[in-house]
4 protein chains.
Amino acid sequence: MPRTQEENDRIRQAAKDNIRSAAIAIFIEKGYHDASIDDIAKRAGVSKGLIYNYYKGKEELLAEMVRTRIEDINHVMQTAATLDTPSEQLVHIIEGALHNVQQHPNVYRFYLHLQTQPEEDKVLARYSQMLNEAMADQFEVQCDMFAKLGDKDERMTSLYFSSTLHGAMQMISTYPDRFPVDDIKKKIIQQFCGG
Amino acid sequence: MPRTQEENDRIRQAAKDNIRSAAIAIFIEKGYHDASIDDIAKRAGVSKGLIYNYYKGKEELLAEMVRTRIEDINHVMQTAATLDTPSEQLVHIIEGALHNVQQHPNVYRFYLHLQTQPEEDKVLARYSQMLNEAMADQFEVQCDMFAKLGDKDERMTSLYFSSTLHGAMQMISTYPDRFPVDDIKKKIIQQFCGG
Amino acid sequence: MPRTQEENDRIRQAAKDNIRSAAIAIFIEKGYHDASIDDIAKRAGVSKGLIYNYYKGKEELLAEMVRTRIEDINHVMQTAATLDTPSEQLVHIIEGALHNVQQHPNVYRFYLHLQTQPEEDKVLARYSQMLNEAMADQFEVQCDMFAKLGDKDERMTSLYFSSTLHGAMQMISTYPDRFPVDDIKKKIIQQFCGG
Amino acid sequence: MPRTQEENDRIRQAAKDNIRSAAIAIFIEKGYHDASIDDIAKRAGVSKGLIYNYYKGKEELLAEMVRTRIEDINHVMQTAATLDTPSEQLVHIIEGALHNVQQHPNVYRFYLHLQTQPEEDKVLARYSQMLNEAMADQFEVQCDMFAKLGDKDERMTSLYFSSTLHGAMQMISTYPDRFPVDDIKKKIIQQFCGG
DNA sequence: AATGAATGAGAATTCATTCAT
DNA sequence: TATGAATGAATTCTCATTCAT
């Protein structure tokens, strides 16, 4: 007697999730190139073959991961946009970003690693670019916020803001134990969400 | 007619340099993993075997590269230290850093990529760490500068400064054509080398 | 409410036939090796599992196919044998053969491909051999026909006839659009069914 | 001290030849799909890696083989063309073809197998087609011969001739021990090289 | 000092087959 | 009877490294 449609869907979804989680974990631990399908299969506790049942290959696992990442970024931006004042919006972005890096420095590290992939890497260049574009989108949204904040030179300020914020994120992910996140957060808020 | 000792040394050194240059170029173009020894040999115009004559393997070529990089960083810091005022010193660091990234965005990209290597990568983690330590050294030197500048909270300022500077460098290397380097440079100088 | 025995048999037979048809179609389109069980299951509109319910594996599907082929060949020969004169009998064979190839060049092609399978192919060699034996049987029957036609050297004539006929079939299947089937048919009939 | 250029060339050529021979032998024994690179490496007594040093992959080994085959076919045709009378020319073609199959039935078998590859096989279809084209070229040359022989309907005769000849070849390769090659050869010569 | 032929360990991927439901 | 999730053995191909010359 075959399983019902629903049951199969459930099993499939569980298996996919399981594999995706394992892949994410392994990618973050070892990096994309060093992670083998075998590693992922072992971590997920499934056979190599099953991974190919659900994903076209290693690259698709990365694609899924990047897609999720971009959605997360966009989600933060959209939530920010619902807040009342530009000042609060920027604070939300800052806190979201720094909190995230602080909680998962390796994840930020992974994506920064991906973004800095040599452009010649035919496989990864696409994902690198997708992340850069997401950052560019984020930048545009920030420009609006600074404009609403009364900034006359909002593009320059947004750039400077992004530099500072990403610099801080980079530092946090590099020295996760030593970096005084809260103090830096205050400084950034004070500098850019000034009022 | 055997070569003289000196002549041999000269030949050896020239060959080593040649190989190192080729390796650097290829690593930066393709990244460490994607660069093959064959690529490097071809670029250097020598045989694969010769590379192993001078270097223990691929990894040692990277080690050499990282060593040079760290020396370059230290060199900038030392030169800065010879300047008269802390303000001039910081300006020198800023200009050196930004100019460098602007001239060779891919080089900065390469090292940032290396620094963000997953820690589990047994081969590369060491180099990642070495670069981080160099950055930490740089940080300490900067602290002195900010202290001399009269800053009471020089460690925090130095951190914030490093964040901002590295953030800017990251942005330049990501968007080399669109980023207004000079404007940002001015802003950084104004903010940190202030008065 | 359990099904009756008959009903079950009917269902089983229908399912088997369905699968066999799908397998034949896929085998002919893609060849044995390139055809996947998945392809066959999709074409038949059943699950992979069901195929294994009715057939031991991929090979048995081929076996079934070859069995049918041989039956078809024998059927043509038997029908020929019911005709009155040896001349008519041979004409029937020729027309049957050429018509068949002309209608389904890919089918002939498939079996010729199978017959020319390397002998070492442990899986397929058996089927190759079965087809060759069927051809040998056909040859014997033809010998009788040529004998009845008054040929003193009937084995040689039958061989020459088979060569010519199979050569023509090979040409038709290779150049299905360009080959003047009817003209060649006439020539063969004229040459061999002459008297 | 490195080897001289010549010495290397010699070594390379020997290795290539060795690999090619092994590949041909294995392909003929097991067929293209069933032959693994491992098989070929073992037969050649070299490592798998070396094969990829000399050939882009499995397909290139086949390509080389097919190229040689076509050259051989063309060579027979060209040699035939140098003979004085069309009758002698045709006899030369017949003898060349039948002798060849008789000596190496498995080789003929291999190429017929290749020619009958399903068209959907994306890898092999090209080679199949190349062989068919070589056969078509051969056909055109034969037409001229029959024309010179005074045949009014030379294209039809050439087709019929080709059918008969290829049919015989197919039979020889199928029943190499039982087929009376010389007798059939005489019959073909008698039928087509008139005089 | 210099060469490049040769190796072999390891990676991604495919697919016939099994088996719990 | 029927399903399709899961397996794992086999295969192609890559590349850092070795070593005879």
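Reckoned from all heavy atoms, side chains included, excluding hydrogens, waters and symmetry mates.
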Inset, instruction - Could you state the atom-to-atom distance from NZ of D:K30 to C1' of F:dT11 in whole Å? - result: 12 Å
Legend entry - A:K58 to A:F27 six-membered ring, cation-pi geometry met (6.0 Å, 45°): no
Inset, instruction - Could you state the atom-to-atom distance from OH of C:Y52 to P of F:dA6 in whole Å? - result: 18 Å
Legend entry - First of D:S36 and A:G49 reached from the 5' end of DNA chain F, by closest nucleotide: A:G49
Inset, instruction - Taking only Lys NZ, Arg NE, NH1 and NH2, and the carboxylate oxygens of Asp or Glu, determine whether D:E119 and C:K30 approach each other closer than 4.0 Å. - result: no
Legend entry - Under 3.5 Å side-chain donor-acceptor pair for B:Q13 and B:D9: no
Legend entry - Base F:dA2 to side chain C:N53, donor-acceptor N/O within 3.5 Å cut-off: yes
Inset, instruction - Using only side-chain N and O atoms of A:R12, determine if any of them is under 4.0 Å from OP1 or OP2 of F:dG4. - result: no
Inset, instruction - Scan every strand shown for a Watson-Crick or G-U wobble partner of F:dT14, both distances under 3.5 Å, and answer none if you come up empty. - result: E:dA9
Inset, instruction - Could you state the atom-to-atom distance from CG of D:D9 to P of E:dG4 in whole Å? - result: 10 Å
Legend entry - Residue mapping more 5' on DNA chain E - nearest nucleotide basis, C:Y32 or A:D34: A:D34
Inset, instruction - Using atom CD1 of B:I51 as one end and atom P of F:dC19 as the other, report the distance to the nearest whole Å. - result: 18 Å
Inset, instruction - Give one of base, sugar-phosphate or nothing for B:L50, where a contact means two heavy atoms less than 4.0 Å apart. - result: base
Inset, instruction - Indicate whether OP1 or OP2 belonging to F:dT1 is found under 4.0 Å from a side-chain N or O atom of C:Y54. - result: no
Inset, instruction - Starting from the C-alpha separation in whole Å, work towards a yes-or-no answer on side-chain contact (heavy atoms from CB on, under 4.5 Å) for D:L62 and D:L124. - result: CA-CA 9 Å; D:L62 178 66; D:L124 296 188; 3.3 Å; yes
Legend entry - Check: A:D39/A:S36 side-chain N/O donor and acceptor closer than 3.5 Å: yes
Inset, instruction - Remember a base hit wins even if backbone is also touched, and classify C:G57 as base, sugar-phosphate or nothing at under 4.0 Å, heavy atoms. - result: sugar-phosphate
Inset, instruction - Starting from C1' on E:dA5, measure out to CZ on D:R10 and report it in whole angstrom. - result: 13 Å
Inset, instruction - To the nearest Å, give me how far apart CD (B:E59) and C1' (F:dT17) are. - result: 14 Å
Inset, instruction - Mind checking C:Y55 for me? I need base, sugar-phosphate or nothing, with any heavy atom below 4.0 Å counting as a touch. - result: nothing
Legend entry - Position toward the 5' end of DNA chain F (nearest nucleotide), D:I37 or B:I37: D:I37
Inset, instruction - Among the candidates E:dT17, F:dT1, E:dA5, find the nucleotide nearest to the side-chain atoms of B:K48. - result: E:dA5
Inset, instruction - Go through the structure and list residues passing salt bridge (Lys or Arg N to Asp or Glu O under 4.0 Å) with A:E59, not counting sequence neighbours. - result: A:R126
Inset, instruction - Under a 3.5 Å limit for both distances, which nucleotide forms a Watson-Crick or G-U wobble pair with F:dA9, could you say? - result: E:dT14
Legend entry - N/O (side chain, C:N8) to phosphate O (OP1/OP2, F:dT1) under 4.0 Å: no
Inset, instruction - Have a look at D:A41 and say if it touches a base, only the backbone sugar-phosphate, or nothing, with a 4.0 Å heavy-atom cut-off. - result: nothing
Legend entry - Residue C:K58, side-chain atoms from C-beta onward, closest of E:dT17, F:dT3, E:dA2: E:dT17
Inset, instruction - Return the value, rounded to whole Å, for the distance between atom CD1 of B:I11 and atom P of E:dT3. - result: 12 Å
Inset, instruction - Would you mind telling me which residue lines up with the more 5' stretch of DNA chain E, A:K56 or B:V46, judged by nearest nucleotide? - result: B:V46
Inset, instruction - Could you check whether C:A35 gets within reach of a base, just the sugar-phosphate, or nothing at all, counting any heavy atom under 4.0 Å? - result: sugar-phosphate
Legend entry - Below 4.0 Å: OP1/OP2 of E:dT7 and any side-chain N or O of D:S47: yes
Inset, instruction - Take the protein atom CG of D:N18 and the nucleotide atom P of E:dT7, then report the distance between them rounded to whole Å. - result: 10 Å
